[in-house]
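Data block below; observations after.
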Amino acid sequence: MPHETAETLRNLIRTRVRGHKFIAVSNREPYMHVWRNGELAWIRPASGLVVALDPVMRASRGLWVAHGGGGSADVAASDERGFVNVPPDEPSYRLKRVWLSEEQEENYYYGFANSALWPLCHVAYRTPIFREEHWRAYQEVNEKFAEAIAEEIGDDQAFVFIQDYHFALLPRMLRQRCPQAVIAHFWHIPWPNPEVFRICPWKQDILRGMLGNDILGFHIRYHGDNFIATVDRELEARIDRERAAIIYRRHMTKIRAFPISIDFEAVARQASSPAIDELIACLRKRYNLGEDIILGVGADRIDYTKGLPERIEAVNRFLERYPEYCGRFVFFQAGVPSRTHIPEYLRLNEEVDEAVRRVNQKYGTADWCPIIFRREHLPLSELLAWYRMARFAIVSSLHDGMNLVAKEFVAARADNGGVLLLSRFTGVARQFRTEAVLINPYATDDLASAIHRAIVMEPEEVRRRMTRMREQVREHNAYKWAADIVRKLSKFV
Ligand code: GDG
């Protein structure tokens, strides 16, 4: 079967979305403007979402509404209503930047979205923080986005595609203002079971907000089923299990699974380029990594859902139980600092530093350091070089909607080598059930054994598993994710 590409996605939009405005909504903007040596420049943040949605937006000549201000020159590059044409080098759609006050950003983004909803939905044993002022800002900002979008829709026909947990209230607010719009919402993080969700003081408002959607997407069925069970418990709604739909106040919301992905071909191509070969040679030299060194890798935002302390503890246990690997094993971890405004994240950073220091002190020698930890946003090229060098990668999330690092590791391995140690609690574990070595990050001894198993796995088995994972991601790529959603949306016309 031919795979979905940016081109097939564009054609789909041209045939199916005609006559409708296409509006994407996300907290983070797809392009940021910055000052570089006094000149206006721009960056496209490396995000799976932008990869998948950019072709949709280009083909539909749509509008992307997002919180502006991520770049130092965002204000200067936009007109007085916040509009700017993008992509800056080939304008084909518009970005509308919604400006928030510092206080709004603090309370809505760091507050309700990331200190209440994020821990609530992930169940990573961090207590969600529910504060009135956070909730008020969350409502205010959702309202502000609803106004900004409704202004653009007017009485026209429109498809609105909302992203993530920053906008749980927006669907209903928008439906009230523009009843003719077709609204879809993709929730990028897990949805917990009703027992967990019931502690949220504003649970019914959140559910009512989300039931303003026509389609509500999750990465996997399980999260959708949890959502349905939560509504069943909290609201007087009719559940149509056969159609996986909820009817609330005479409006139907369909709950569907759309597993997000990456641009497989692009990642694979870049990973196999001569530039990466050179980078590998440089890194081997810089870190003194001979071909005989067994290398493991991890790359994550530094977030307590990603299981970083658990992973380091497992490396510690591995070296304790298999001391014969001392001196010929190195674990490389890249960690992007994230949400450091939130005290919980600062604590986690210290915890990770301390754990790495302990292991390195305990086992390290004058010419060997077991863990290399780089706390920075590495260029994708460098990540790909590490992926290619690795004997195995560890994704040890305590809970994760999907996890794209796993898919990027797989895409980088054109040699069909490398073992993926993958937490059972990621969405991607449903796709790689039999090909990855599934792990429980809470069970340190098991994870330590899994590291050993990855190291001694027969090359034939490694190849068989990796080949199958690569086929999966090649077929279920980011364009397919977007195309499946567009197809569903277009059925509402
Ligand atoms: C949320 C959900 C869901 C990481 N370090 C570096 C770097 N990265 C890139 C990875 C990957 C991305 O960041 C992380 O994506 P994930 O999917 O792993 O995780 P979240 O950020 O938590 O994303 C998640 C996702 O939304 C999409 O729906 O899969 O479950 O939590 O692309 O490569 N990129 C670069 N340098 C780094 O050091 N360049």
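Read the numbers this way: they start at 1 and go in the same order the structure lists the ligands and their atoms. Owing to the predicted nature of the structure, the values given are computational and were not obtained by experimental measurement.
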Is it the case that ligand 1 has an N or O less than 3.5 angstrom from some N or O of [X]?
X: Ala299; answer: no
X: Tyr387; answer: no
X: His188; answer: yes
X: Leu404; answer: yes

Do the side chains of [X] and [Y] get close enough for a salt bridge, i.e. N-O under 4.0 angstrom?
X: Arg375; Y: Asp353; value: yes
X: Lys488; Y: Asp484; value: no
X: Glu382; Y: Arg286; value: no

Any side-chain heavy atom of Met389 sitting closer than 4.5 Å to one from Ile293? no

Could you tell me if the side chain of Leu398 sits less than 4.5 Å from the side chain of His122, heavy atoms only?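 When only atoms from C-beta onward are counted, Leu398 and His122 do not touch, as no gap falls below 4.5 Å.
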
Which option, Val267, Val428, Leu383, owns the non-hydrogen atom nearest atom 34 (N) of ligand 1? Leu383

Taking atom 14 (C) of ligand 1 as the point of reference, which of Val405, Ile262, Ile260, Leu378 owns the nearest heavy atom? Val405

Quick check on contacts: which atoms of ligand 1 are under 4.0 angstrom from a heavy atom of [X]?
X: His219; answer: 3 (C), 28 (O)
X: Glu376; answer: 38 (O)
X: Arg301; answer: 20 (P), 21 (O), 22 (O)
X: Gly401; answer: 30 (O)
X: Leu380; answer: 39 (N)

For ligand 1, is [X] a contact, meaning one of its heavy atoms is under 4.0 Å away?
X: Trp118; result: yes
X: Glu382; result: no
X: Arg374; result: no

Applying ring pair (Phe, Tyr, Trp, His ring centres under 6.0 Å), can you list everything that pairs with His166, at least two apart in sequence or on another chain?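 If we apply the ring pair (Phe, Tyr, Trp, His ring centres under 6.0 Å) test to His166, skipping adjacent residues, the hits are Tyr109.
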
Ignoring hydrogens and geometry, is there a side-chain-to-backbone donor-acceptor pair from Asn213 to Leu216 under 3.5 Å? no

Could you tell me whether Val336 approaches ligand 1 through its side chain, its backbone, both or neither, with non-hydrogen atoms closer than 4.0 Å? side chain

Where does Glu408 meet ligand 1, judged by heavy-atom distances below 4.0 Å: at the side chain, the backbone, both, or neither?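 Looking at Glu408 and ligand 1, just side chain atoms fall under 4.0 Å.
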
Hey, can you tell me if Trp191 and Phe197 have their rings parallel, tilted or perpendicular (30° and 60° cut-offs)? tilted

Sequence neighbours excluded, which residues qualify as side chain to side chain donor-acceptor pair (under 3.5 Å) partners of Tyr442? none

Tell me whether Arg339 forms a cation-pi arrangement with Trp118, defined as NZ or CZ under 6.0 Å from the six-membered ring centre and within 45 degrees of its axis. yes

